[in-house]
Amino acid sequence: MSRRDPLAQVSDFDIRLLRIFRSVVECGGFSAAENVLGIGRSAISQQMSDLEQRLGLRLCQRGRAGFSLTEEGREVYQSALQLLGALEDFRTGVNGLHQHLRGELNIGLTDNLVTLPHMRITNALAQLKDLGPEVQINIRMIAPSQVEQGVLDGSLHVGVVPQAHALPGLEYQSLYSERSSLYCAAGHALFYADDDAIDDTRLNEQDAIAPTFRLPGDIQAHYQVLNCSASASDREGMAFLILTGRYIGYLPDHYAQAWIQQGRLRALKARQRFYDLSLSWVTRKGRRPHLVLESFLKALAATR
């Protein structure tokens, strides 16, 4: 697939193919992208082949071994994010001249915020939809580091992450705080033990779960005293392991509440073993005017 300047110009057809390519990559394969794109796997495969032919490059491997990007595919994906982000900036800028809320809001969230009783994000999204019925809201549930990277590279307009260490190029605004306690599940040796009978040595010897996402140093100290023999990239992964009844671990109290009511989880030494984590919304420094984003941030600031 090597010919001189295979893509002399970028057409509307190419942009449509690049949007499909982006969805396939972010879904992790053709089958997973079917529901997102609303077209069948064979149609997706054909359009991916059309894109490869247009670019003169092999973008991905597909087959029994699964879906994976080639080196050229990874570079095309990054370039596609920049192109599609620039197109969205242009469309938003033109629409902003008419002071109509149109376009997209691409927001990245860390997992398991929907059960927070404050519901500030939910209420702000509701206000945005009321203000701009034509606005398309796209939510991506990803790890905090990916949220920050997405805001930096422009694929996300805004994100919500635990406040750890501020990255250059990003602005952080405090959103709210959530409390996490140390939990075990039914079936664990400590589930029915009285807190007064559990000394720190015994508690710290239990198999525990460490998060792989970034946390402030004072919160990391809560994990350093535990016997962390497992890890998880998000809070849902930690909940999976805790609910086996074989591990202890920290979970946000609002997230754990449903399992507590079912009698499946209990907090261990709740007066001592907890921490409060600040969550912030994050945007890119020096961002271009974006009416949809500014409207969302204004609604978010108003939902105290």
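Both backbone and side-chain heavy atoms feed into the values below; hydrogens, waters and symmetry mates do not.
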Qualifying side chain to side chain donor-acceptor pair (under 3.5 Å) pairs, either residue in residues 36-46, two or more places apart: Ser31-Arg41, Gln46-Asp50
Taking only residues at least two apart or on different chains, which pairs with a member in residues 127-136 satisfy side chain to side chain donor-acceptor pair (under 3.5 Å)? Gln136-Asn138
Nearest non-hydrogen partners of [X] and [Y], listed with the distance:
X      : Y      : value
Met48  : Phe21  : CE-CD1, 3.4 Å
Glu104 : Val292 : O-CG1, 3.8 Å
Leu277 : Pro162 : CD2-CB, 3.6 Å
Gln220 : Leu215 : NE2-O, 2.7 Å
Gly29  : Phe67  : CA-CG, 3.7 Å
Ala32  : Cys27  : CB-O, 3.4 Å

With a 3.5 Å cut-off and no angle check, do the side chains of [X] and [Y] form a donor-acceptor pair?
X      : Y      : answer
Tyr77  : Glu26  : yes
Ser177 : Asp276 : no
Ser280 : Gln163 : yes

Output all residues satisfying ring pair (Phe, Tyr, Trp, His ring centres under 6.0 Å) with Tyr223, sequence neighbours left out; order by chain, then residue number.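 Ring pair (Phe, Tyr, Trp, His ring centres under 6.0 Å) check on Tyr223 returns Tyr250.
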In Å and rounded to the nearest 0.5 Å, what is the [atom1] to [atom2] distance from [X] to [Y]?
X      : Y      : atom1 : atom2 : value
Leu105 : Leu128 : CG    : CG    : 6.0 Å
Gln262 : Trp259 : CD    : CH2   : 8.5 Å
Ser231 : Leu241 : OG    : CG    : 8.5 Å
Ser181 : Gln272 : OG    : CD    : 11.0 Å
Asn204 : Cys228 : CG    : SG    : 9.5 Å
Thr283 : Leu297 : OG1   : CG    : 6.5 Å

Is it possible for you to say whether [X] and [Y] belong to one hydrophobic cluster, with membership spreading through side-chain heavy-atom contacts below 4.5 Å?
X      : Y      : result
Leu51  : Ile39  : yes
Leu109 : Leu167 : no
Met141 : Leu125 : yes
Ile142 : Tyr255 : no
Val282 : Ile107 : no

Would you check if the side chain of [X] reaches a backbone N or O of [Y] as a donor-acceptor pair within less than 3.5 Å?
X      : Y      : answer
Thr70  : Leu59  : yes
Asn123 : Arg120 : no
Arg246 : Thr244 : yes
Gln61  : Ser68  : no
Gln173 : Trp281 : no

Do [X] and [Y] have side chains that get closer than 4.5 Å, going by heavy atoms?
X      : Y      : answer
Asn227 : Glu205 : no
Leu182 : Leu203 : yes
Leu268 : His188 : no
Ser11  : Asp14  : yes
Arg235 : Pro211 : no
Arg287 : Glu294 : yes
Phe240 : Glu236 : yes

List the atom pairs, with distances to 0.1 Å, where a side-chain N or O of residues 189-199 and a protein N or O form a donor-acceptor pair under 3.5 Å, not counting sequence neighbours.
from	atom 1	to	atom 2	distance (Å)
Asp194	OD1	Asp196	N	2.8
Asp195	OD1	Arg266	NH2	2.6
Asp195	OD1	Lys269	N	3.1
Asp195	OD2	Lys269	N	3.2
Asp199	OD1	Thr201	N	3.2
Asp199	OD1	Arg202	N	2.7

Can you sort out the partners of Gln261 under side chain to side chain contact (heavy atoms under 4.5 Å, CB included), two or more places apart, ordered by chain and number? Gln257
Is there a side-chain contact (heavy atoms from CB on, under 4.5 Å) between His222 and Ser180 once you walk through the steps? CA-CA 11 Å; His222 288 266; Ser180 292; over 6 Å; no
Please indicate whether Glu71 has more than 12 foreign heavy atoms, meaning atoms of other residues, nucleotides or ligands, lying under 6.0 Å from its CD.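 Atom CD in Glu71 is not packed in, count stays at 12 or less.
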More than 12 heavy atoms of other residues, nucleotides or ligands under 6.0 Å from CG of Asp218: is that the case?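 Count over threshold, so yes.
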Could you walk me through whether Met238 and Ile209 satisfy the side-chain contact (heavy atoms from CB on, under 4.5 Å) test, starting with their C-alpha distance in whole Å, then the side-chain angles of each, then the deciding distance to 0.1 Å, before giving a yes or no? CA-CA 7 Å; Met238 299 181 81; Ile209 309 150; 4.0 Å; yes
I'd like to know whether Leu69 forms a side-chain contact (heavy atoms from CB on, under 4.5 Å) with Glu75, so could you lay out the CA-CA distance, the side-chain angles of the two residues, the decisive distance to 0.1 Å, and finally the verdict. CA-CA 9 Å; Leu69 288 177; Glu75 293 188 17; over 6 Å; no
Side chains of residues 144-158: which donor-acceptor partners sit under 3.5 Å, not counting sequence neighbours?
from	atom 1	to	atom 2	distance (Å)
Gln146	OE1	Ala143	N	3.2
Glu148	OE1	Arg214	NH2	2.6
Glu148	OE2	Tyr172	OH	2.8
Glu148	OE2	Arg214	NH2	2.9
Asp153	OD1	Ser155	N	2.8
Asp153	OD1	Ser155	OG	2.8
Ser155	OG	Gly150	O	3.4
His157	ND1	Asn106	N	2.9
His157	NE2	His290	NE2	3.2

Could you please spell out the steps behind the side-chain contact (heavy atoms from CB on, under 4.5 Å) verdict for Val225 and Asp200? CA-CA 10 Å; Val225 299; Asp200 286 340; over 6 Å; no
